[in-house]
Amino acid sequence: MTPVHFSFTSAFILGLMGLAFHRTHLLSALLCLEGMMLSLFIALALWAMQFESTGFSAAPMLLLAFSACEASAGLALLVATARTHGTDRLQNLNLLQC
């Protein structure tokens, strides 16, 4: 495993571990998801450049577009929960109570 592959794999696993073990606030969970998506984007772009294939050149841009949509939906949920509940702590949120 090259150092480049190791760094992007460790960045993805670090984001996954942060999402799994440190979910106290909604903002920190969204940042971990965004870090995972960015590491996937860079790894996919480097993979397409390494194999010099033009068929996979659109895949990183598509992933980046979906990542932007995910980020905007997450920020809209963050604003909505902060307005209704007054906080973004995940322990205080109960989906059965509106």
Side-chain angles (χ1 to χ4, degrees):
M1 181 180 275
T2 63
V4 174
H5 289 101
F6 177 73
S7 64
F8 292 123
T9 304
S10 63
F12 181 79
I13 290 175
L14 187 65
L16 186 65
M17 292 298 222
L19 185 64
F21 295 125
H22 188 66
R23 354 172 239 188
T24 56
H25 293 281
L26 184 59
L27 184 61
S28 64
L30 289 174
L31 284 174
C32 289
L33 280 174
E34 193 64 30
M36 289 169 55
M37 289 299 285
L38 285 177
S39 68
L40 280 177
F41 167 71
I42 293 173
L44 192 61
L46 285 178
W47 182 64
M49 280 186 358
Q50 183 180 6
F51 288 125
E52 297 175 358
S53 63
T54 59
F56 293 117
S57 62
M61 287 297 142
L62 186 65
L63 182 71
L64 194 61
F66 284 136
S67 176
C69 293
E70 174 256 335
S72 65
L75 286 176
L77 285 173
L78 177 69
V79 168
T81 56
R83 284 185 180 172
T84 57
H85 296 286
T87 183
D88 69 334
R89 289 185 58 88
L90 292 177
Q91 282 86 14
N92 295 342
L93 298 180
N94 188 1
L95 294 179
L96 299 176
Q97 263 182 344
C98 288

Would L14 end up clustered with L19 when hydrophobic side chains under 4.5 Å apart are linked, directly or stepwise?
-> no

List the atom pairs, with distances to 0.1 Å, where a side-chain N or O of residues 1-12 and a protein N or O form a donor-acceptor pair under 3.5 Å, not counting sequence neighbours.
{"unit_1": "T2", "atom_1": "OG1", "unit_2": "H5", "atom_2": "N", "d": "3.3"}
{"unit_1": "T2", "atom_1": "OG1", "unit_2": "H5", "atom_2": "ND1", "d": "2.5"}
{"unit_1": "S7", "atom_1": "OG", "unit_2": "P3", "atom_2": "O", "d": "3.3"}
{"unit_1": "S7", "atom_1": "OG", "unit_2": "V4", "atom_2": "O", "d": "2.8"}
{"unit_1": "T9", "atom_1": "OG1", "unit_2": "H5", "atom_2": "O", "d": "2.7"}
{"unit_1": "S10", "atom_1": "OG", "unit_2": "F6", "atom_2": "O", "d": "2.9"}
{"unit_1": "S10", "atom_1": "OG", "unit_2": "S7", "atom_2": "O", "d": "2.9"}

Got a sec, which residues hit ring pair (Phe, Tyr, Trp, His ring centres under 6.0 Å) with F51, two or more places apart in sequence or on another chain?
-> W47

For M17, all residues meeting side chain to side chain contact (heavy atoms under 4.5 Å, CB included), sequence neighbours excluded | I13, F21

Show me, pair by pair, the donor-acceptor contacts under 3.5 angstrom made by side chains of residues 60-81, not counting sequence neighbours?
{"unit_1": "S67", "atom_1": "OG", "unit_2": "E34", "atom_2": "OE2", "d": "3.2"}
{"unit_1": "S72", "atom_1": "OG", "unit_2": "A68", "atom_2": "O", "d": "3.4"}
{"unit_1": "S72", "atom_1": "OG", "unit_2": "C69", "atom_2": "O", "d": "2.9"}
{"unit_1": "T81", "atom_1": "OG1", "unit_2": "L77", "atom_2": "O", "d": "3.0"}
{"unit_1": "T81", "atom_1": "OG1", "unit_2": "L78", "atom_2": "O", "d": "3.0"}

Which pairs would a plain distance check flag for residues 24-33, meaning a side-chain donor or acceptor within less than 3.5 Å of a matching protein atom at least two apart in sequence or in another chain?
{"unit_1": "H25", "atom_1": "ND1", "unit_2": "D88", "atom_2": "OD1", "d": "2.9"}
{"unit_1": "S28", "atom_1": "OG", "unit_2": "H25", "atom_2": "O", "d": "2.8"}

